[in-house]
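Below is one structure, written out as structure tokens; comments come after it.
The model shown is predicted, which means the values in this text are computed figures rather than measured ones. Note that the numbering runs from 1 along the sequence shown for the chain.
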Amino acid sequence: MSSSTDKFSATMRDGLANLARRLRFAMEEGSIWLDEQRMILIHTGALGALRKELVDTLGMERARGLFMRMGFHSGMRDAELAKKLRPGDSDFGLLEIGPCLHTIEGVVRVTPVKVDIDIAAGIYDGEFLWEDSFEGDVHRQLFGIVDEPACWMQIGYATGYTSALMGRTILYREVECIACGHDHCRIVGKPLEAWEDGAEVLKLYQPDPVIETILELQSEVEHLRALQRNNGKPADLVGSAPGFRAAWGLLQRAAASHVTVLLLGETGVGKERFAQALHAVSARADKPFIAVNCAAIPDELIEAELFGVEKGAFTGAHQSRPGRFERAHGGTLFLDELGELSASAQSKLLRVLQEGEVERVGGTEPRKVDVRLVAATNVDLAEAVKQGTFRKDLYYRLNVYPVTIPPLRERLDDIRLLVERFVARYGARHGKKIVGITDRALAELRRYDWPGNVRELENVIERGVILASNGGQISADHLFLPSSAPQAMDTAPRLGVRGTLPELREAAVHGLLDHMAEQQLALGDVETVLMEAAMQRANGNMSQAARLLGITRPQLAYRWKTRGMRGEGG
């Protein structure tokens, strides 16, 4: 072997030892982890049964292409893992992780024969021996000695891994295979243009139109079945957990009526989203949906906001204007944080519900309104009635149709669906392509109690999108910032540096530092990006942005002003 191949072999030995240290069997979780990727042990016989079924169903050539594409995408994903594990490593160091992963996963034992790699110059020429290939062995057991090499998934993996690493298409061919009766398997990898039939081989990595047609037909059948089921759930309402389905089922049954609905649940569970969904499936869907946060409006203005005001009713009332009830006429009015209403506003609200009419502040003429009221609160209204802070008759009028929205900790299976939605939303907002979230990060999200519920998850994923590399995944390092303010950690002790998201301190710090080095960011740059994102998320409200960042408003205002940033300040 050449000196470069000897060097690569030595690097592989070190790489195997390093990867073995990152492999963890979490018996208490029933999980196997390789860094942040969840792994599984599976019988080769089960994979053989799958291979035979696909060959029988699709034919040998189409099954070959399907397995090659599976391997290709797996290889590309592992290449991203390699770049994360070895930032700034040598070309040999990055390349050897692929063969090492195949070895440690029990796929095949890899021995380099020839390796010539220069990523910066786009040069690659590789030859490897594969010994004890599980795929070649399984194929031979199923179909006997064959004429064509059969390590389809493995060759796809090598192609995907090296192509992602090099930033150009590197095709591998299997020139010897145990399925063909050889003693071992041998593969050769070269750039696409170096193969005379490269274009033909490349077609195997393109989606098969026949398979795509089958999948499209299956999708259409499922769509028709879904129409028959007609759950009517709007696209923006995400969830499938039992508690979620129970709440949505109650709202569906209320949709055809005009009954007042009271949404109950903790802060951040998505009560406004449920109210919007109820409006969308009701007969009022083509009329206005008006939302009011009662806690965000000063007591002296709440009545004018809800019921309208006549010109000259008080200082500053220079013209008459309708209130939210009038603006929602024919549609739905959503009153959030209803428990914060003053006694006077409660009294007027009761009249609206009983009589179907409002009287503007300073006015004398009642005005008829046709409004479906959806109210929401995280306050125990029954207890508020006992304490005398909420009217008993209004409570009974509102409590006709209560619906409780479950907290996120009771719908853990919905976290993946919500994460996918938030990654797509904030990837588009911040102009980044994020391909998903690592298995470890998802597991950590499922272990957290989520006192802030869906709203907190949304904020966490937005931070993850900001910190993740463009084209990469959100890892556990990106989810929780190590600079969380002490007051935030006191109120939510499982979040941040001292959280029970296990041993995140060192990983989070180094992950953030790696990202800063990769993007050539200074500490001030990261702080500026986070402040801008928080202000954007809060629609320019500095107090709310400060809460997102876990600092006080004066602290944020000072940092904002000293950087000369535009927007609310001071």
Ignoring hydrogens and geometry, is there a side-chain-to-backbone donor-acceptor pair from E337 to N293 under 3.5 Å?
-> no
Can you name the closest pair of heavy atoms from A476 and T438 and give their distance?
-> N-OG1, 4.1 Å
Minimum side-chain heavy-atom gap D413-R411 below 4.5 Å | no
Considering non-hydrogen atoms only, spot the tightest contact between E357 and R351 and give its length.
-> OE2-NH2, 3.0 Å
Please test E458 against R537 for salt bridge (Lys or Arg N to Asp or Glu O under 4.0 Å), starting from the C-alpha separation and ending with a verdict.
-> CA-CA 10 Å; E458 185 173 0; R537 178 72 177 85; 3.4 Å; yes
At what distance, to the nearest 0.5 angstrom, does CG of L373 lie from CZ of R397?
-> 9.0 Å
Hey, does the side chain of D380 reach the backbone of A382 with a donor-acceptor pair shorter than 3.5 angstrom?
-> yes
Pairs where residues 368-377 contributes a residue and the test side-chain hydrogen bond (donor to acceptor under 3.5 Å, both in side chains) is met, not counting sequence neighbours | R284-D370
For R253 and Y401, the nearest pair of non-hydrogen atoms, with its separation, is CB-OH, 3.8 Å
Taking 4.0 angstrom as the limit, do E359 and R367 come out as a salt bridge?
-> no
Do W450 and I415 touch side chain to side chain, with heavy atoms closer than 4.5 Å?
-> yes
Taken in chain and number order and not counting sequence neighbours, the residues that satisfy side chain to side chain donor-acceptor pair (under 3.5 Å) with T267 are N378
Which heavy-atom pair separates R463 from L548 by the least distance, and what is that distance?
-> NH1-O, 4.1 Å
Residues L333, F325; criterion side-chain contact (heavy atoms from CB on, under 4.5 Å); working and verdict = CA-CA 7 Å; L333 178 65; F325 271 95; 3.5 Å; yes
Is any side-chain heavy atom of L417 closer than 4.5 Å to a side-chain heavy atom of S240?
-> yes
Tell me, do F244 and L237 make a side-chain contact under 4.5 Å, heavy atoms counted?
-> yes
Lys/Arg N to Asp/Glu carboxylate O, R360 vs E365, below 4.0 Å = no
Are R321 and E305 within salt-bridge range, i.e. N to O under 4.0 Å?
-> yes
Apply side-chain contact (heavy atoms from CB on, under 4.5 Å) to L467 and D477, showing your working.
-> CA-CA 9 Å; L467 291 176; D477 301 348; over 6 Å; no
For the student: nearest non-hydrogen atoms of A241 and D414, plus distance | N-OD1, 3.1 Å
Determine, step by step, whether Y448 and V460 satisfy the side-chain contact (heavy atoms from CB on, under 4.5 Å) criterion, reporting the C-alpha distance in whole Å, the side-chain angles of both residues, the deciding distance to 0.1 Å, and the verdict.
-> CA-CA 12 Å; Y448 182 55; V460 165; over 6 Å; no
Answer yes or no: is there a side-chain heavy-atom contact under 4.5 Å between V281 and L251?
-> no
Close side-chain approach of V400 to T260, heavy-atom, < 4.5 Å | no
Can you say whether the rings of Y426 and F422 are parallel (under 30°), tilted (30 to 60°) or perpendicular (over 60°)?
-> tilted
Working for salt bridge (Lys or Arg N to Asp or Glu O under 4.0 Å), residues R409 and E266 | CA-CA 11 Å; R409 62 181 173 275; E266 299 174 6; 2.4 Å; yes
Who are the salt bridge (charged side-chain N to carboxylate O under 4.0 Å, His left out) partners of E272, not counting sequence neighbours?
-> none
Run the numbers on H478 and Q473 for side-chain hydrogen bond (donor to acceptor under 3.5 Å, both in side chains), then give the verdict.
-> CA-CA 9 Å; H478 300 137; Q473 291 181 292; over 6 Å; no
Supply the atom-to-atom distance C294 SG to L341 CG, rounded to the nearest 0.5 angstrom.
-> 4.0 Å
Between N453 (side chain) and R455 (backbone), is there a donor-acceptor pair under 3.5 Å?
-> no
Side chain to side chain, V423 and I474, heavy atoms closer than 4.5 Å | yes
Apply side-chain hydrogen bond (donor to acceptor under 3.5 Å, both in side chains) to Q536 and E532, showing your working.
-> CA-CA 6 Å; Q536 185 179 29; E532 289 177 339; over 6 Å; no
Measure from the side-chain N and O atoms of H430 to the backbone N and O of R425, and report whether any donor-acceptor pair falls under 3.5 Å.
-> no
Step by step, would you call L263 with V374 a side-chain contact (heavy atoms from CB on, under 4.5 Å)?
-> CA-CA 7 Å; L263 297 179; V374 180; 3.8 Å; yes
Has the side chain of K432 got a donor or acceptor atom that lies under 3.5 Å from a matching backbone atom of G471?
-> no
For the student: nearest non-hydrogen atoms of M76 and G160, plus distance = CG-O, 3.6 Å
Side chain to side chain contact (heavy atoms under 4.5 Å, CB included) involving A283 - partner list, sequence neighbours excluded = none
To the nearest 0.5 Å, what is the distance between CD1 (I437) and CZ (R416)?
-> 8.5 Å
Can you check whether L418 reaches L408 side chain to side chain, under 4.5 Å on heavy atoms?
-> yes
Can you sort out the partners of F334 under ring pair (Phe, Tyr, Trp, His ring centres under 6.0 Å), two or more places apart, ordered by chain and number?
-> none
Qualifying residues under side chain to side chain contact (heavy atoms under 4.5 Å, CB included), relative to R245, sequence neighbours excluded = P242
